[in-house]
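A quick write-up on the structure given underneath.
What you see below is based on every heavy atom in this structure, not just the backbone, and it leaves out hydrogens, waters and symmetry mates.
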Amino acid sequence: MKWTQDMAVGIETIDEQHKELFMRISDLLQAIRERRCKSEIDGTIKFLDDYARFHFSEEEKRMQAAGFDGLADHRKHHAEYLNNIKELKDLAAQPRIQGMSYELSVTTNQVVVDWIVYHIMKVDRKFGEYVKSRR
């Protein structure tokens, strides 16, 4: 999975952070294909949690500074994602039987990819359009 220009929000810092996220997701996909997800999944989930907290904070600060009226809804989307990551962390904390790291990796990828693609393409873009309209 790769970030493409059609996913650009139009705010350079946010787009660069999104590119980093897509690179990490691609790394997880590669680990799944190479059957080395057992060694990758815990670090990936930690990155996704840390990344989200940092990135969401940055986005929300920019939205607030710009007077974006969609901030409250945007925060709800961010809270939903953080809840998804918490559920993944809870799953990762459980003892793993044979093959569980693979299943957890696939679930992580599905949850993250589905949410991120929707969020970037639909929700984040609204903010990008708002910023462009104010220039």
- Query: Passes side-chain contact (heavy atoms from CB on, under 4.5 Å), Phe47 versus Glu20? Steps please.
  - Reply: CA-CA 11 Å; Phe47 165 80; Glu20 171 70 16; 4.0 Å; yes

Intermediate values then yes/no, side-chain contact (heavy atoms from CB on, under 4.5 Å), Lys19 and Met7: CA-CA 9 Å; Lys19 288 176 189 178; Met7 294 177 182; over 6 Å; no

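Using a 4.5 Å cut-off on side-chain heavy atoms (C-beta onward), Asp124 and Ile11 make no contact. Proximity of Thr44 to Arg24: side-chain heavy atoms (C-beta onward) are nowhere separated by under 4.5 Å. Put simply, the side chain of Ile14 reaches to within 4.5 Å of the side chain of His55, judged on heavy atoms. Side-chain atoms of Lys89 and Lys46, non-hydrogen and from C-beta on, never get closer than 4.5 Å to each other.
Atom OH of Tyr130 is separated from atom CG of Leu71 by 10.5 Å, given to the nearest 0.5 angstrom. With rounding to the nearest 0.5 angstrom, the CG atom of Asn84 is 11.5 Å from the CG atom of Asp49. Separation of atoms CG (Leu82) and CG (Leu48) is listed at 11.0 Å; rounding is to 0.5 Å. Atom CD in Glu80 sits 10.5 Å away from atom NE2 in His78 (nearest 0.5 Å).
Aromatic pair His119/His18: centroids not less than 6.0 angstrom apart.
With sequence neighbours left out, Arg62 forms a salt bridge (charged side-chain N to carboxylate O under 4.0 Å, His left out) with no residue at all. Evaluation of the salt bridge (charged side-chain N to carboxylate O under 4.0 Å, His left out) rule for Asp69 yields no partner, not counting sequence neighbours.
Under a 4.0 Å N-O distance rule, the pair Asp90/Lys86 qualifies as a salt bridge.
Here the side chain of Ser26 pairs a donor or acceptor atom with the backbone of Phe22 at under 3.5 angstrom. Judged purely by atom type and a 3.5 angstrom limit, Tyr51 uses its side chain to pair as donor or acceptor with the backbone of Gln17. Side chain of Tyr81 to main chain of Lys76: no donor-acceptor pair is present (N/O by atom type, distance under 3.5 Å, no hydrogens or angles). Between the side chain of Asp15 and the main chain of Gly10, a donor-acceptor pair closer than 3.5 Å is present. Distance alone, capped at 3.5 Å, places no donor-acceptor pair between the Arg75 side chain and the Glu60 backbone.
Contact between Phe68 and Lys126 at its shortest, heavy atoms only, is CE1-O, 4.0 Å. Ala66 approaches Phe127 most closely through the heavy-atom pair CB-CE1, 4.0 Å.
Linking Ile, Leu, Val, Met, Phe, Trp and Tyr residues whenever their side-chain heavy atoms come within less than 4.5 Å leaves Tyr118 and Val9 in two separate clusters. Cluster annotation: Val123 and Phe56 are assigned to distinct hydrophobic clusters (Ile/Leu/Val/Met/Phe/Trp/Tyr, side-chain heavy-atom contacts under 4.5 Å, transitive).
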